Protein chains: 2
Amino acid sequence: MGVTEKRAKHKEAFRREILDSAREIFINDGYDGFSMRKLAEKIDYSPTTIYLYFRNKDDLLFAICEEFFAHFLAELNRIRSVSPDPVETLHQAFFYFINFGLKNPDQYKLIFFTKSVYGTREELFEKESMARNTYFVFKEIVQDCISAGKLREIEVDVIVDTLTVVSHGVVAKNIYCANFLKERSDRVAHTLIDVLWRGLQK
Amino acid sequence: MGVTEKRAKHKEAFRREILDSAREIFINDGYDGFSMRKLAEKIDYSPTTIYLYFRNKDDLLFAICEEFFAHFLAELNRIRSVSPDPVETLHQAFFYFINFGLKNPDQYKLIFFTKSVYGTREELFEKESMARNTYFVFKEIVQDCISAGKLREIEVDVIVDTLTVVSHGVVAKNIYCANFLKERSDRVAHTLIDVLWRGLQK
DNA sequence: ATTTGATATTAACAGTGTTAAGCTAACAGA
DNA sequence: TCTGTTAGCTTAACACTGTTAATATCAAAT
């Protein structure tokens, strides 16, 4: 292995180390609680060193979000391959997102409620990203249900939005009304899914 | 009118002026975009003067939130007095919140998605506030529907949470997925209410 | 041995929330 | 009228923030 290769590898490893430390701080302390100086101290380098590996604070956040969406995408594909029934697949996929949010509110908040990391709808669709891929796979799952005649004839995009809206809602409530859904968030989530399903079915 | 009274009145007027300017900045620039120095410049006083009228930045936000909730409460009571049918009242009340959020995303975000202004569920219930009053009136509206036998037999608190969850969801999606619901937010909101209603009815 | 280039650092700028101390002007009582 | 007090406001400062420019370090290549 050549020297330049070795260096490139070390650089990559260092980038990873920065990213992992950054994610920890972002999740624990939130977007505002995160600071470049805090991260620098954690990794034992000067604050400006970070700028050699990431453009700025938001670039760090973007990289972290992409890794999360890669994770979501993998899970959606797993569910899809395991469960052959489209309705069952949608149920599981939908519950996966809500459950992730309820179990990891800080992560969910960071990814979805911090900044418009991926810009407008158009900007999200324009350039390739894990977030974009995740969106399309989820849309396909919904489309499969429609194609199987299991849902009311509502535009697929409207249904997708409706579902993500509800997921965001459960988690937002859980995050911003401190302890509001405590001991009850699961019940509210299940009630909501139950109600939604009754309302969406043909 | 005595001198002390006059002074008190002036003080009150000044407080109002600060609050109005603060709300403008909070809404336009968001919680983070707001700064004491910005506000000071706007009202043409030094930053520290503000601290003679408000404990700190969050105290300003709290005062602004309370005024909003006073507004909500008045509107809920108005709807209630106008529409005698409990189901119609709930529909209107629910749509009022969603609509407020879609029409005034910055305000909604400031009030509901910025900080846990009113603390935990317990803390909200403990001390009297406009937010607390608003919550209870909305709960009463839901309870009226249940009492009239118009809803499935689900615990009233769960239904209230479910509805606020959906309201938060629509608005959150609208805010954080920039332009995501654009031109479609109304349709998604109506679809959601329609779906929810089908699912909630007996 | 010298040059080059990558990597890391120090110093600085402009901004943040908040506090402590001090100034000014108007009032009250003698 | 002089003095003491107090309300109202300001200046200065502290400890932070993200980010940039200039500089130092040090290993590899010539």
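The analysis underlying the following values was restricted to heavy atoms, covering all of them including side chains, and did not include hydrogens, waters or symmetry mates. Note that the structure is a prediction, hence the values are computed from the model and not measured.
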Between [atom2] of [N] and [atom1] of [X], the distance in whole Å:
X     : N      : atom1 : atom2 : result
A:D29 : D:dC16 : CG    : P     : 14 Å
A:I18 : C:dT7  : CD1   : P     : 11 Å
A:R15 : C:dT7  : CZ    : P     : 13 Å
B:E41 : D:dT10 : CD    : P     : 13 Å
A:L52 : D:dT19 : CG    : P     : 14 Å
A:I25 : D:dG18 : CD1   : C1'   : 15 Å
A:I50 : D:dT17 : CD1   : P     : 11 Å
B:K11 : D:dC9  : NZ    : P     : 9 Å

- Query: Taking only N and O in the side chain of B:Y53, is any of them less than 4.0 Å away from OP1 or OP2 of D:dC9?
  - Reply: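 Checking D:dC9 against B:Y53, a side-chain N or O does come within under 4.0 Å of OP1 or OP2.
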- Query: According to a strict under-4.0 Å criterion, is A:S46 in side-chain N/O contact with OP1 or OP2 of C:dT10?
  - Reply: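 False: A:S46 side-chain N/O out of range (4.0 Å or more) of C:dT10 OP1/OP2.
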- Message: Counting neighbours of CD on B:E17 that are heavy atoms of other residues, nucleotides or ligands and sit closer than 6.0 Å, is the number greater than 12?
- Response: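 Count over threshold, so yes.
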- Is a salt bridge present between A:K42 and A:E24, judged by a nitrogen-to-oxygen distance below 4.0 Å?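 Looking at A:E24 together with A:K42, the answer is yes, because their closest N to O distance falls below 4.0 Å.
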- What salt bridge (Lys or Arg N to Asp or Glu O under 4.0 Å) pairs are there with at least one residue in residues 80-91 of chain A, not counting sequence neighbours?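 Only A:R80-A:E140, A:R80-A:D144 qualify under salt bridge (Lys or Arg N to Asp or Glu O under 4.0 Å).
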- B:F14 and B:Y45: aromatic ring centres closer than 6.0 Å?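 Here the rings of B:Y45 and B:F14 have centres that are less than 6.0 Å from each other.
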- Item | Pair A:F72-A:F97, ring pair (Phe, Tyr, Trp, His ring centres under 6.0 Å): steps then yes or no | CA-CA 8 Å; A:F72 294 156; A:F97 273 109; 5.4 Å; yes
- Task: Determine whether the side chains of A:T114 and A:K109 contain a donor N or O and an acceptor N or O closer than 3.5 Å.
- Result: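 A:T114 vs A:K109: no donor-acceptor pair found between side chains.
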- Using only heavy-atom distances, determine whether the side chains of B:T89 and B:S83 contain a donor-acceptor pair under 3.5 Å.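 Yes, because at least one side-chain N or O of B:T89 sits under 3.5 Å from a partner of the opposite role on B:S83.
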- When all nucleic acid strands are considered with a 4.0 Å heavy-atom cut-off, which category describes B:F54: base, sugar-phosphate, or nothing?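 Since no nucleic acid heavy atom lies under 4.0 Å of B:F54, the category is nothing.
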- Query: What string of B, S and - do you get for nucleotides 11-21 of chain C, 5' to 3', when a contact is any protein heavy atom under 4.0 Å?
  - Reply: BB---BBBBB-
